[in-house]
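Note sheet for the following structure.
Residue numbers start from 1 in every chain, and the chains themselves are labelled A, B, ... in the order their sequence lines are given, proteins ahead of strands.
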Amino acid sequence: MAEQNTTGAGAGAVSGYDPQKIEAKWQKRWAEARVFETEADPSKPKYYVLEMLPYPSGTMHMGHMRNYAIGDVVARVKRMRGFNVLHPMGWDAFGLPAENAAIKNKTHPRTWTNNNIAQFQRVLRRFGFSYDWRREISTCEPEYYRWNQWFFLRMLERGLAYRKKSLVNWCPKCCTVLANEQVVNGGFCWRHEDTRVESREIEQWFLKTTAYSDQLLDDLKELEGGWPERVILMQQNWIGKSQGAKVRFAVADPASAGPIEIFTTRIDTIYGATALILAPKHPFVDKLLEGSPARAEAEAKLKKMRQTSVKTEDLATLEKEGFFTGRFALNPFNGEKIPIWVGNFVLMEYGTGAIMAVPAHDQRDLEFCRKYGLPVRVVIQPENTEPLDGATLSAPHEEHTGKLVNSGRYNDLAPDAAIRKMTADAEQKGFGKGETIFRLRDWGISRQRYWGTPIPVMYCPKDGMVPVPDKGLPVVLPPNPKLTGEGESPLASTPEFVNTTCPKCGGPARRETDTMDTFVDSSWYFYRYCDPQNDKAPFDSAKVAYWFPIDQYIGGITHAILHLLYSRFWCKVMRDIGLVKHDEPIARLFTQGMVQKGGVAMSKSRGNVVGAEEMAQKYGADTGRLYTLFAAPPEKDLEWSEEGIEGSWRFLNRVYRLIERHSNSVRGAKSESADAAATSAKEKALLRKVHQTLRRVTSDFESRWHFNSAIALIMELSNEIYAQEPLEDGVRPEVQKEVLELLTLMLAPMTPHLAEELWEMLGHTDGLWNASWPAFNEELAREDEVEIVVQVSGRVRGRVKVAAGAGEEEVLKLALADPGVSHHADGRRIVRKIFVPDKLLNLVVAG
RNA sequence: GCCCGGGUGGCGGAAUGGCAGACGCUGAGGACUUAAAAUCCUCCGGGGAUUUUUCCUCAUGUGGGUUCGACUCCCACCCCGGGCACCA
């Protein structure tokens, strides 16, 4: 179909609503009046609302936009409610895509990044979000990343940063190391979901997140109610606290190996252990095999196992395999001699890398022992069932129920009592001890890439590893690196960066060439917003004390572990350094849904993005904002619909025409505010509707965050006003004014530009930005007449109209006169009456 | 396997134990117009009865339960999405 010759947006505008003109006009006025610029002011209640800072890549699409629209509604409502609102924006500007794009386009990562930032910034400004742009930060600037380095040095001093050669996750596409948190779907790179992570042994820097395992877990309690339950659960899972005991088994011979320490959560089942199983990578394996009769066969199997175990190959479905070492261990509780095996399902990374196999009481052990014909011995008998028999057992008894048997002096104890007693005994006799272990690992932050924060240490042949002194910060990235995307860190092949002088001995030294994981940047950026220009410290603690914690944080669920766990860790470190006083940085977290098209999240690689800027050009920012808020509740995913946004566009035009039509009669009228006494039925109906709407919209904004139903209510209000047209007929200008003003104020947080324009059309000369959120008038909202639903035995059979507050007697009399009701109730005995004033009467009849 | 969400018209969704389907989209019909766009009005879950007004009945994934009354609470199951996963 040929393009119509239309003016304005969408499929054509008829009213005077011209979003392009209006939006530019009000954005200019807001900037001139510095409406969104805030300062810490202890005399005012504060509210810190923040959307997760974007990584500026590609173009900004409606998925990004929705996130900011949600935050902006909250920021504007809180501002109207009298809070001193901090609402900043910045850029997560370091990272691999910039480096890869730079290699591809033969440009500098900084150029690529800054172009994207300019694009993102232009679009955000175009949408009129209420940011204090003076506080904008970009993490790739030395003014910012010098504080990453400063924090690193503080952690180094406290032993919270350390260097270690270890097996790491290596992404062959990123050409760099990944943190455990960046490995997804059981072994794939979080950026390249089709690329399997490899295992490499590399010397790298770690931050000691495990020093805070307990606090990171325990403090989740403080977040209950403020954070989504599932995020708390995911973090709990990730930290993975496990209480149990470590027990040492002596090796029968050769005495040179061992003792072997195992970890178990079920020490109570130790009399049922029929083997010890070591991880293939356990350091004792080679020693045990030396001179062992099983050696030849075992070594072939071991070699194969060590090779395959490098890959994280579908572990859950992998067949259990193992072999006997030819050696035996002694159970310290009863001296029993049990065989030592190696098993592919035992992980060196967890616990001690060795387990005791108790086949009668653990599924995996049972599978393993059955496969290799190892004995199965029941040591806990459940009560009130047939006694279990190890020879025939097909499912292990894993529950903490029943009583111990075949366990010497511990027989007849309940499992939990036995755990306590046996742990104490092991400790007393010196072969074991109660211990708590965690799944959480330390955070590996070394990245072998250019576009990140240089790690501020150097290596001196004389003095070894030497930290860069504070006065040497920032360690700035060299301006012209050779980027190839291959091999070692690009910094290593940049001599002017690498070669430096040792601050201790004055001799030549080499700088560390790894850079920091970009999650370091985002772990504390929200503190910097409080004091973005500070060049003496990362921030002024007094300013942070005023603004923190963040009252409302908004972002995607994808960061449930990564960013949100690192941020919590960073906060605790800063607290221990003495920079902040709180334990947790984020009081409330909201995880919004994604915008999808064709059932999948918008992304450049899928080619299903709807550009935010295009939408602003076509319909205007307000329509774009309104639609993303209206189409679904904010926590749910939203399917993009072009017809849907047309509907939002039509609605805003309808509101514009409504107010345009009445602006002349209303402009000069006195603002009656809420005490306008209605003098006609029409006035009464309008005032009632508008105050009822206000009551419910206020609650949707404040407590429920149901922006979609708030918009539906405002649409209903607008429909009601249309239904009462012509207003000139029986509605005084001051009442018209009150109704239209309240409509405008309710729209203001969502469609701020249009609302300002309407506010001006209604005769206001000071901006709407000065207006407060209106209070609803209970008196005017009250219905005088209500319709009561009459049920007979729970089924609706009629409705009666009565004055509000009518008593049961009166309603009953009217109800029985209703033909629908009498048809079902006449001649039957009423057994029971349930009366809910102003709502419902249920007559329960016999038979 | 374990742990979270979720399942309501053609579609997005509404309903905080009290009229299921608000509001919007799509669709149909009408008004206006030379015409189109825009705008305005009406209808729009299924089945049945009724000439009209209207009435009955089924229906919120499935099956039970609690309740005067259940989309909402409880139990079991099915399906979809997400997280974790030989974690000892």
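One finds a side-chain N or O of A/Lys636 lying less than 4.0 angstrom from the OP1 or OP2 phosphate oxygen of B/G13. Under 4.0 angstrom from either OP1 or OP2 of B/C56 there lies no side-chain N or O belonging to A/Arg795. At the phosphate of B/C87, OP1 or OP2 sits under 4.0 Å from a side-chain N or O atom of A/Arg364. Using a 4.0 Å cut-off, some side-chain N or O of A/Arg654 falls inside it from OP1 or OP2 of B/C40. Of the side-chain N and O atoms in A/His706, one or more sit less than 4.0 angstrom from OP1 or OP2 of B/A15.
Remark: the backbone N or O of A/Phe776 is not paired with any side-chain donor or acceptor of A/His691 at under 3.5 angstrom.
Rounded to an integer number of Å, the gap from CZ of A/Phe345 to P of B/G1 is 19 Å. The separation between A/Arg441 atom CZ and B/A85 atom P is 12 Å, rounded to whole Å. The CD atom of A/Glu642 sits 18 Å away from the P atom of B/G12 (whole-angstrom rounding). Rounded to a whole Å, the CZ atom of A/Phe707 is 17 Å from the C1' atom of B/A14. As rounded to whole Å, 11 Å separates atom C1' of B/G81 from atom CE of A/Met594. Per the geometry, CE belonging to A/Met234 stands 15 Å off C1' belonging to B/C2, to the nearest Å. When rounded to the nearest whole Å, the span between CD of A/Glu639 and P of B/G6 equals 20 Å. Per the geometry, CG belonging to A/Leu233 stands 7 Å off C1' belonging to B/C3, to the nearest Å.
Looking at A/Lys320 and A/Glu367, a side-chain N of the basic residue comes within less than 4.0 Å of a carboxylate O on the acidic one, giving a salt bridge. Salt bridge absent: A/Arg799 and A/Asp818 never bring a charged side-chain N and a carboxylate O closer than 4.0 Å. Ion pair A/Glu725/A/Arg661 flagged as a salt bridge, since at least one NZ, NE, NH1 or NH2 atom sits closer than 4.0 Å to an Asp/Glu carboxylate oxygen. Ion pairing of A/Lys597 with A/Glu639 is absent here, as no side-chain N (NZ or NE/NH1/NH2) approaches a carboxylate O to less than 4.0 Å. Ion pairing between A/Glu716 and A/Lys689 holds under the 4.0 Å rule for side-chain N and carboxylate O.
Taking the side chain of A/Val346 as heavy atoms from C-beta on, and the options B/C25, B/A85, B/A88, the nearest nucleotide is B/A88. Minimum atom distance to the side chain of A/Lys320 is reached by B/C86, of the listed B/G5, B/C68, B/C86. Distance from the side chain of A/Pro633 is smallest for B/G13 among the nucleotides B/G18, B/G13, B/U26. With distances taken from any side-chain atom of A/Phe630 to the nucleotides B/A85, B/C68, B/G24, the minimum falls on B/G24. Among B/A88, B/C68, B/U39, the nucleotide with an atom closest to any side-chain atom of A/Arg657 is B/U39. Of the candidate nucleotides B/C84, B/U26, B/C40, B/C84 has the atom lying nearest to any side-chain atom of A/Arg439. Of the candidate nucleotides B/C86, B/U16, B/C84, B/U16 has the atom lying nearest to any side-chain atom of A/Ser699. Side chain of A/Val789, nearest nucleotide from B/A88, B/C19, B/A22: B/C19. Comparing atom distances between the A/Ser242 side chain and each of B/A14, B/C40, B/A88 picks out B/A88 as nearest.
Backbone-only engagement by A/Arg650 is indicated by non-hydrogen atom pairs under 4.0 Å involving sugar-phosphate atoms exclusively. Residue A/Glu349 is out of contact with every strand shown, counting any heavy-atom pair closer than 4.0 Å. Here A/Ser641 lies out of heavy-atom contact (under 4.0 Å) with every strand. Nucleic acid contact for A/Asn719: sugar-phosphate only, since backbone atoms but no base atoms lie under 4.0 Å from a heavy atom of the residue. Contacts of A/Val358 with the nucleic acid, taken as non-hydrogen atoms under 4.0 Å apart, are absent. As judged by a 4.0 angstrom heavy-atom cut-off over every strand, A/Arg704 is placed among the base-contacting residues. Within 4.0 Å (heavy atoms only), A/Arg230 reaches sugar-phosphate atoms of the nucleic acid but no base atom. A/Val796 comes within 4.0 angstrom of the backbone, heavy atoms only, and of no base. At the heavy-atom level, A/Phe651 lies nowhere under 4.0 Å from the strands shown. Looking at heavy-atom distances under 4.0 Å, A/Gln791 makes contact with a base. No engagement by A/Gly240 is indicated, since no non-hydrogen atom pair under 4.0 Å with the nucleic acid exists. At a threshold of 4.0 angstrom between heavy atoms, the contacts of A/Asp362 with the nucleic acid are absent. Residue-level contact check: A/Asn708 touches the backbone only, with heavy atoms under 4.0 Å from sugar-phosphate atoms and none from bases. As judged by a 4.0 angstrom heavy-atom cut-off over every strand, A/Arg797 is placed among residues touching the sugar-phosphate backbone only.
Nucleotide B/U60 has no partner under the Watson-Crick or G-U criteria, as no pair reaches both atom distances under 3.5 Å. Of the nucleotides present, B/C4 is the one that pairs with B/G81 by Watson-Crick or G-U wobble criteria, both distances under 3.5 Å. Within the shown strands, B/G18 is the pairing partner of B/C68 under the Watson-Crick or G-U definition, both distances less than 3.5 Å. Look at B/C44: it lacks any Watson-Crick or wobble partner with both distances under 3.5 angstrom. Pair assignment for B/C23: B/G12, on the basis of Watson-Crick or G-U wobble contacts that are both within less than 3.5 Å. Across every strand in view, B/A38 sits unpaired, with no contact that passes the Watson-Crick or G-U test at under 3.5 angstrom.
Annotation: cation-pi pair A/Arg439/A/Tyr350 absent, no NZ/CZ under 6.0 Å from the ring centroid and within 45° of its normal.
Nucleotides B/A20 and B/G45, compared at atom P, are 14 Å apart to the nearest Å. Distance noted for atom P between B/C2 and B/G17: 31 Å (whole Å).
If you check distances only, the side chain of A/Arg799 does reach the base of B/C19 with a donor-acceptor pair under 3.5 Å. Between the side chain of A/Asn842 and the base of B/C68 there is at least one donor-acceptor pair of N/O atoms closer than 3.5 Å.
For the pair A/Gly644 and A/Thr264, both in contact range of RNA chain B, the more 5′-proximal nearest nucleotide belongs to A/Gly644.
Counting all heavy atoms, side chain and backbone alike, A/Ile714 lies closest to A/Leu743 at CG2-CD1, 3.6 Å.
Enclosure of atom CD in A/Gln236 by more than 12 non-hydrogen atoms of other residues, nucleotides or ligands within 6.0 angstrom is indicated.
Anti is the glycosidic conformation of B/G7, whose angle departs from 0 by more than 90°.
Proximity of A/Leu589 to A/Thr591: side-chain heavy atoms (C-beta onward) are separated by under 4.5 Å at one or more points.
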